[in-house]
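Values in this document were obtained by computation on a predicted structure and should not be read as measured data. So you know, we letter chains A, B, ... as the sequences are listed, proteins then strands, and number each from 1.
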There are 2 protein chains.
Amino acid sequence: MDKSLLELITSELHKRNMRLTMPRRRIMEIFALSGRLQTAQDLYLSAKKEGLPVGLTTIYRLLGILTEIGLARTYLLNGETKYIFCSPQHHHHLICTRCGMYREIFECLVLPMETTDFQPESHHLDFFGVCYNCAEKCKTAPKG
Amino acid sequence: MDKSLLELITSELHKRNMRLTMPRRRIMEIFALSGRLQTAQDLYLSAKKEGLPVGLTTIYRLLGILTEIGLARTYLLNGETKYIFCSPQHHHHLICTRCGMYREIFECLVLPMETTDFQPESHHLDFFGVCYNCAEKCKTAPKG
DNA sequence: TTATCTGCAAAAGGTTTGCAACTGA
DNA sequence: TCAGTTGCAAACCTTTTGCAGATAA
């Protein structure tokens, strides 16, 4: 994981009297490097698979913290709660509805909104579609 | 509730061998006219308050159907699952983070996204902020 | 050194399911 | 008429909480 990102996380944690522990660091790395939507269970199993002796509780607590800091976002897809690791900068998401992969784009594609009776404070834009890999798979193995 | 919307819903239900029952109709009206994010519980209580003898199960089942048809969308806010009633046309949402009120805007404010290795199929854009009423309240009763 | 964190087990609470009676088309 | 719907109660399962031992700063 990027060093400046780790420093940001550390400082955000310390601001809140929290600590950068080994389990937190390892789980965040797994999360950030996965590049796809993750459930708490997914992360738990990935951590186990990498030999990290972690509890589900710790995963939930970390996801709560990251969400609060703004480094994770929650989606409810197909009845499942999924988490995306988020860069600190403003960005949009391209999300593959087939495999759960996502990508961040940092160019803001939102036109200014003109209203007098609503004060916008932030916005979220997500594109849902098919990633390159899944599109290729469809070509070689068409369903039916 | 708008007549053409009701017809659309009816036809969507019939397409799936489903029926427009009295409870469904009443719950949808409450939902659509509320103009704010609703939990299943919220709708259940509103229905009860209006003298509709409905079960929570029916609410959940209806919300599932509406979501599938595209007439509802799910948000996970502050750990609560909230539902928005959605018009059939493409639209964005203005959501008040203070009171849960929302509004649809039908002008698409999203610039075309240029990528070769992702096929976008749809997008969701939500603006979060403060609605007129809440802004007024803040002026007259500043916190602190 | 000590406030914070961890993981287990247990509790909580939202959501789904099975089923017998009911109802829209 | 009868396939689909309803609401209750129970089951399910994800998420949270309490707590004693471990650990970052």
Name all pairs fulfilling the side chain to side chain donor-acceptor pair (under 3.5 Å) condition that reach into residues 2-11 of chain A, sequence neighbours left out, sorted by first residue then second. A:D2-A:S4

With sequence neighbours left out, the residues meeting side-chain contact (heavy atoms from CB on, under 4.5 Å) with A:T39 are A:Q41, A:D42, A:E80, A:K82

Apply the test side chain to side chain donor-acceptor pair (under 3.5 Å) to residues B:H90 and B:H123: give CA-CA distance (whole Å), side-chain angles for both, the deciding distance (0.1 Å), then the verdict. CA-CA 9 Å; B:H90 179 66; B:H123 63 250; 3.1 Å; yes

How many Å lie between CG on B:L76 and C1' on C:dT15, as a whole number? 14 Å

Strictly below 4.0 Å, heavy-atom distances to any atom of DNA chain D: list the hits from residues 40-64 of chain B, or just say none. B:P53, B:V54, B:G55, B:T57, B:T58, B:R61

Under a criterion of less than 4.0 angstrom to any heavy atom of chain B, what are the 5'-terminal and 3'-terminal contacting nucleotides of DNA chain D? D:dA3 to D:dA9

Within residues 21-32 of chain B, which residues have any heavy atom lying less than 4.0 Å from an atom of DNA chain D? B:T21, B:P23, B:R24

A:R103: partners by side-chain hydrogen bond (donor to acceptor under 3.5 Å, both in side chains), with sequence neighbours left out: B:D117

Please identify which of these residues, A:K48, A:Q38, A:M28, meets the side chain to side chain contact (heavy atoms under 4.5 Å, CB included) condition with A:L43. A:Q38

With sequence neighbours excluded, what pairs up with B:N17 under the side-chain contact (heavy atoms from CB on, under 4.5 Å) test? none

Set of side-chain contact (heavy atoms from CB on, under 4.5 Å) partners for B:T97, sequence neighbours left out: A:E121, B:F128

For residues 47-70 of chain B, which residue pairs pass the ring pair (Phe, Tyr, Trp, His ring centres under 6.0 Å) check, not counting sequence neighbours? none

Report the distance from atom CZ of B:R16 to atom P of C:dA25, rounded to the nearest whole Å. 16 Å

Quick one: on DNA chain C, does B:Y83 or B:T10 contact a more 5' nucleotide (nearest heavy atom)? B:Y83

Regarding A:T81, tell me which of base, sugar-phosphate or nothing describes its non-hydrogen contacts under 4.0 Å with the strands shown. sugar-phosphate

Please name all residues satisfying side-chain contact (heavy atoms from CB on, under 4.5 Å) with B:R19, sequence neighbours left out, ordered by chain then number. B:T21

Mind calculating the distance between CE (A:M18) and P (C:dT2) to the nearest angstrom? 22 Å

Apart from A:F118 itself, members of its ILVMFWY cluster (side-chain separation under 4.5 Å) are A:L94, A:I105, A:L109, A:V110, A:L111, A:M113, A:L125, A:F127, B:L94, B:I105, B:L109, B:V110, B:L111, B:M113, B:F118, B:L125, B:F127

Ring pair (Phe, Tyr, Trp, His ring centres under 6.0 Å): pairs with one or both residues in residues 17-37 of chain A, sequence neighbours excluded: A:F31-A:F85

